[in-house]
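Taking it in order: structure first as structure tokens, then the write-up.
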There are 2 protein chains.
Amino acid sequence: MDWDDMRIFLAVARADSLSAAGRRLGIDASTVGRRVLRLETALAVKLFQKTPQGYSLAPEGERLLPHAETIEAAMTGASEALSGPGGISGQVRIGAPDGCANYLLPQVCARLCAAHPGLEVQIVALPRVFNLSRREADMAIAVSRPTAGKAVIQRLTDYNLHLAAHEDYLSGHPPIRTRADLKGLRMIGYISDMIFDRELDYLAETGVERAALTSNSVSVQMQAIRAGAGVGIVHDFAIPFCPGVRRILTDEVSLTRSFWLIRHADDRSSQRMNRLAEALAQGLKAEVARLQGLVPVETEMSPAGRT
Amino acid sequence: MDWDDMRIFLAVARADSLSAAGRRLGIDASTVGRRVLRLETALAVKLFQKTPQGYSLAPEGERLLPHAETIEAAMTGASEALSGPGGISGQVRIGAPDGCANYLLPQVCARLCAAHPGLEVQIVALPRVFNLSRREADMAIAVSRPTAGKAVIQRLTDYNLHLAAHEDYLSGHPPIRTRADLKGLRMIGYISDMIFDRELDYLAETGVERAALTSNSVSVQMQAIRAGAGVGIVHDFAIPFCPGVRRILTDEVSLTRSFWLIRHADDRSSQRMNRLAEALAQGLKAEVARLQGLVPVETEMSPAGRT
DNA sequence: CCCGCCCTTTGCAAAAATGCAAAACCCTTT
DNA sequence: AAAGGGTTTTGCATTTTTGCAAAGGGCGGG
């Protein structure tokens, strides 16, 4: 029996298909299929049920899974026991909502990679909750603290959101001094049925009923605002990336949210993951603080300033 | 990184040489060497120091070892999680002192194999203590309860030993009625400097100073007695195998010893090993009882009986 | 209803791993 | 001092594994 087949088994169990597992492993799907077959014959059990859309764990495979995960944990533990207390290395896949993925992670991860030459970071921006248990990512950043599951959770940093619009848009409209002045302006926000987390329902919190231009991506929303399409809620840390975009009504509408880092319970004792998480938390916190400090502090009456 | 290389690493670490590891794994030594090399390059560490008499673990390898053992345990755990509560299967290597290995284990293990078709038993008869931590055997039978180590220990069965000689030898010598009558008879026993366990120093216990014909193997001693070479201490359970050998002075000289089963601490939670140990214990106990019951109960005055 | 996409499976050629035999080495023994 | 038994290492033929391309199937959208 080839121990390495357990590695392939684990990938297939998580990917639910030979081809997806092959993509993630970097080997051909046919090889994956043959390895699974070999394992099944070696163990003399049927590990998967073959459905038209892929492989799904059979009861026997379900029983095998925890053992395979134990082996995987021991395997990574072995690697990091030898790599010593030096730098962080290897591959890590971080899932994040796209605001974080666009405006924060690139710089933070770039610094991380520079500091640790052996480190390889993959940023997966997705407008949905991650399925960590299937290892779609090694760690995920979320906008709310998950309640279920036995994951390892830590608060990364707080951040602020405010209403904002491009100065060109503002100068073409009556000045906005109170919340009531928003009436009749074109609002930019989330596609309502694609809000995957209650915390993202910013506009509802401000009392705006309906947005006219919507997207499931905050980065797209930001681009819309930058293009002068209207008014929307944006992350303060994104504003420095969009010259000309100014916050409005900062006294009346101000939201605070937090990023949370979610990790596998299995990784709790992983030296590498712990250090990685710590570095990520520090980097994100510092970057949010830096970016929020760059946002021009406009007085209510002087929306115009530098470019 | 190929997880299967950990299996090879483990074997080399235990065998202390590529060739020995290859023999145990059933693959060529050159392949073993290449796999180790591949693992070392994958981990970028030197796992072994190459000595003229083989490979020995380098400090880095020492750190890797516990992880490899964890993986091994998970691996066997995986197998037995799937094999279900049916029979016992797989390979097991049992080390035993040669008296046990010759007169008890063959029948007991034969029955075990018959009851569990998938089971493959290897009996290693060796006149020395086993090094279980290096997996020279999966379990070992010993004549005394070991004090050191964190092994799993259980008492298997008690057994008796008595002085015995062949009836042809007895009829050619004056009758033996007391211990003093032994004086001048040729004694058969252990080679004194090869006694590997205090419990084996039977003759000293009887007051005999020196044996004239000695061996490190109780089975050889038994053959000598059967050939009429003299008087010696033998296991009662061995007597039925040697027609013509009769016990003497049973009232004055009678020893009782115990067999102990020693297993790896790592195997403590292994369903398979537990069941195997239980079956072995029951089988041995029953076989000792059966064989001791076959020993003719001779009166002091009538050494002659049936063949 | 058919077309396209994604999945698995199969056949075949290329690549990789393996076993074997020989060489080189060290230690012990004669 | 040389021979013998143990080890590892190396070169080469063979076997095994792998990747690629094509084929076969089911599901969903136009």
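Computation of the quantities below employed the complete heavy-atom set of this structure, encompassing side-chain atoms and omitting hydrogens, waters and symmetry-equivalent molecules. Bear in mind that the values here come from a model prediction, so they are computed numbers and not experimental data. Every chain is numbered from 1 and lettered A, B, ... according to where its sequence line falls, protein lines coming before strand lines.
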Apply side-chain contact (heavy atoms from CB on, under 4.5 Å) to [X] and list each qualifying residue two or more places apart in sequence or on a separate chain.
| X | result |
| --- | --- |
| B:V152 | B:R263, B:R268 |
| A:K50 | A:E40, A:Y55 |
| A:E120 | A:Q91 |

Listed partners of [X] passing side-chain hydrogen bond (donor to acceptor under 3.5 Å, both in side chains), at least two apart:
| X | result |
| --- | --- |
| B:T70 | none |
| A:T76 | none |
| B:E69 | none |
| B:R34 | B:S30 |

Does anything in residues 3-21 of chain B reach DNA chain D, meaning a heavy atom under 4.0 Å, and if so which residues? B:S17, B:L18, B:S19

Please report, to 0.1 Å, the donor-acceptor pairs under 3.5 Å made by any side chain of residues 99-106 of chain A, with sequence neighbours excluded.
from, atom 1, to, atom 2, distance (Å)
A:N102, ND2, A:D98, O, 2.7

Protein heavy-atom contacts under 4.0 Å, written 5' to 3' over nucleotides 11-30 of chain C as B (base), S (sugar-phosphate only) or - (none), form the string B-----SBBB-----S----

Checking the side chain of A:D138 only, and the main-chain atoms of A:R93 only, is there a donor and an acceptor separated by less than 3.5 Å?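 Checked: pair present.
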
Mind checking whether B:I71 and A:M6 have side chains closer than 4.5 Å, heavy atoms only? no

Heavy-atom contacts under 4.0 Å between residues 40-50 of chain B and DNA chain C, which residues? none

Terminal axis angle for the helix from C:dC1-D:dG30 to C:dT30-D:dA1, five pairs an end, nearest 10 degrees: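 Answer for the end axes of this duplex: 10°.
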
Please determine which of B:L65, B:V12, B:L64, B:L47 meets the side-chain contact (heavy atoms from CB on, under 4.5 Å) test together with B:L57. B:L65

Would you classify A:G54 as touching base, sugar-phosphate or nothing, given that sugar-phosphate means primed atoms plus P, OP1 and OP2, and contacts are heavy atoms under 4.0 Å?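 The answer is sugar-phosphate, as A:G54 gets under 4.0 Å only of primed atoms, P, OP1 or OP2.
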
For A:S56 against A:D16, the heavy-atom pair lying closest together: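 The answer is CA-OD1, 4.0 Å.
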
Reckon A:Y55 has a side-chain N or O less than 4.0 Å from the OP1 or OP2 of C:dT9?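 The answer is yes; a side-chain N or O of A:Y55 sits under 4.0 Å from OP1 or OP2.
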
Under 6.0 Å from the CZ atom of A:R186, do we count more than 12 heavy atoms belonging to anything else shown? no

